[in-house]
Protein chains: 2
Amino acid sequence: MKLDPRHLEILAAVVDEGGLTEGARALGKSQPSLSRTLSQLEHRIGAPLFEPGRRPLRPTELGRALAERGRQVLTANAAASSIVTKYRGGKSGLVRVGGTPVFMDGVIAGMIADFQQQNPDVRIDQSYGYAEDLTAALTAGTLDLAICPMRRDARAEGVEFQPILPGLNVVACRAGHPLMRRTLVTPADLAEFPWIAPPVDSPLYKDLRRALANIGTEAFKISFTGGTLASVISILTGSDALTVLPYSVVFMLRRQNTLGALSLQIGHPDRDLGLLTARAAPASPAAARFKAFVAKQFGGLAVTIQQHQQDMLWRGAR
Amino acid sequence: MKLDPRHLEILAAVVDEGGLTEGARALGKSQPSLSRTLSQLEHRIGAPLFEPGRRPLRPTELGRALAERGRQVLTANAAASSIVTKYRGGKSGLVRVGGTPVFMDGVIAGMIADFQQQNPDVRIDQSYGYAEDLTAALTAGTLDLAICPMRRDARAEGVEFQPILPGLNVVACRAGHPLMRRTLVTPADLAEFPWIAPPVDSPLYKDLRRALANIGTEAFKISFTGGTLASVISILTGSDALTVLPYSVVFMLRRQNTLGALSLQIGHPDRDLGLLTARAAPASPAAARFKAFVAKQFGGLAVTIQQHQQDMLWRGAR
DNA sequence: CCAGTTTCATAACATCACGTTATGTAGACC
DNA sequence: GGTCTACATAACGTGATGTTATGAAACTGG
């Protein structure tokens, strides 16, 4: 006995609403349609679903039992509809986001927390990688959004880059570091302190090398390498070590008052931090929503950073 | 967003079976049919349900979420099918059975217990009534089966009567009643004992009157009237009162050894105990099954009673 | 008991979704 | 790179589902 789940839905609606007319109205169909459908169903089953010759159509025991199942179909269907609606509104779904480790840990993780506060049904898969891997993952369709620094002129095939922050690295150290008191730090001052280096294949490592070369300090001693942002922060706060970090990361940590940035111009990398998305496949609503959220947050962040720098400048000039 | 529950079923089957081909086989449909249906569903939803360009078709997060709902639809549908199958096999449903009070309590109740032992999903609504009411209820469709005594020549309109036992009433009393020792009881012996009378509108009451008239005893004192079988038995066992009961009822109670029947010919009523069913509406499978069960039980009962009587006769003759 | 109202059943018809077979195409695997 | 398997597409027939119009039957009130 194979039944059509739609027939069960109709039966449930008619039983629950108390009549064909009401049931038809509830389902948005015509009354004769339901009448015929239920007649056919009764004929197929070979047993009456409604007591014959009763005008306010009353279900039999069997009709009630089957209506119960129809109710289950209706609720499952409604749940499915809700899932689709939420998905299309970006309120639900999966977002696979990747980026350079330090940015993800230092900046994006906080934004993800804010985003999930408002969108609890959106699942976020975070992964780490550098521009090349991220681009590959995006074109392969295994990633929805990447957040990484990228050269302004670099146009990778099949991906779209949307700059959100100018690249700006600073020399970071613990809040009470000896060099923090100086209003101006010279390259020579840096020589005596140990350095924490990012992984050698990271853009940040290149930035570090380039920054030190610009300053004129080629020889520097590396005391720690390979850790994630969390371990870097631990070591920085527990020692007088220095490292190069994106200013945005240092800025986001300002509330904890554990890290500071030296007043030292180390030269901007020729890259912008930005959002990388695949050009081919249209992003899922949740991914698009998350992307828009991140972009907006960074917009606010850029303004805040600017205000903060103005403030620091003003206080420094005083 | 209104979805077709059948599409969800198909999605669930494909996701669970791991492919279109397997899903099609599981549903008893062709592979292209599912392919097109799911394509349309994806198009309607506006989002992919399966990761594109993967050969062992792998569902997306959304696809999995909707498949979960489809699974609910499938289980509800399967449950509905099971209900129908059990209903058609008479293994489930509602049986409304009515009959004369004493018979229902004394004989049928025990059969109902046996029936429900084997058919736990069949619900039985028991009601009481006499031939006239029962016939009316049957033709009105508010009763599936009636069990009552009926004259052999009485043919009510629209109902069918199937005799199952010859009507046979006996004078009943408690097991240790003074009259029980006598091998032969005369009408005069009955005069000194009080009588329990059934309700005056019951056929049993008429039987009592007729039986006593046949015997020649018109004047008898009635000490109790109006109770159900349970109270009649209580009073019989606690006193030396007499009453008229169908022999089948006394026989069914033989195990308890509380009641006995006097060796007194009181004349058979011109009625048979039988099953009354509506001729018009075909009985529900469960009702038909119950009717067959009761008929078979009574068949066995008739044989047992006969053997018992033979046995009694033989012992009495010895 | 009768008239009015409501509620369901039936008829006739159009359309679209579904199921079929045949066939093309693209990952996957060795 | 060749082959196999699995999915997608095409073309077509049929049947179920939707519609409106209308009839019949049952509940309502006086």
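Chain letters run A, B, ... following the sequence lines, proteins first and then strands; every chain starts at 1.
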For this session: Classify the side chain of A/Gln40 versus the base of D/dA16 as yes if they form a donor-acceptor pair under 3.5 Å and no if they do not.
Result: no

Rounding to an integer number of Å, can you tell me how far [X] [atom1] sits from [N] [atom2]?
X	N	atom1	atom2	value
A/Leu38	C/dC8	CG	P	11 Å
A/Arg25	C/dC8	CZ	P	11 Å
A/Gln31	D/dG23	CD	P	15 Å
A/Ile10	D/dA16	CD1	C1'	11 Å
A/Lys29	D/dG18	NZ	C1'	8 Å

Seminar exercise, completed: Shortest non-hydrogen pair, B/Arg289 vs B/Asn119, comes out as NE-OD1, 3.1 Å

Problem set entry | Criterion salt bridge (charged side-chain N to carboxylate O under 4.0 Å, His left out) on B/Arg71 and B/Glu68, from CA distance to verdict | CA-CA 5 Å; B/Arg71 224 165 287 138; B/Glu68 176 66 32; 2.8 Å; yes

Seminar exercise, completed: Assign each of B/Thr37 and B/Pro32 the nucleotide of DNA chain C bearing its closest heavy atom; nearer the 5' end lies the nucleotide of B/Thr37

Exercise. Where the side chain of A/Arg271 meets the backbone of A/Met150, is there a donor-acceptor pair that is under 3.5 Å apart?
Worked result: no

For this session: Could you check whether B/Thr21 gets within reach of a base, just the sugar-phosphate, or nothing at all, counting any heavy atom under 4.0 Å?
Result: sugar-phosphate

Exercise. What is the nucleic acid contact for B/Arg6, judged by heavy atoms within less than 4.0 Å: base, sugar-phosphate only, or nothing?
Worked result: sugar-phosphate

For this session: Ignoring backbone atoms, establish whether A/Ser35 has a side-chain N or O less than 4.0 Å from OP1 or OP2 of C/dC8.
Result: no

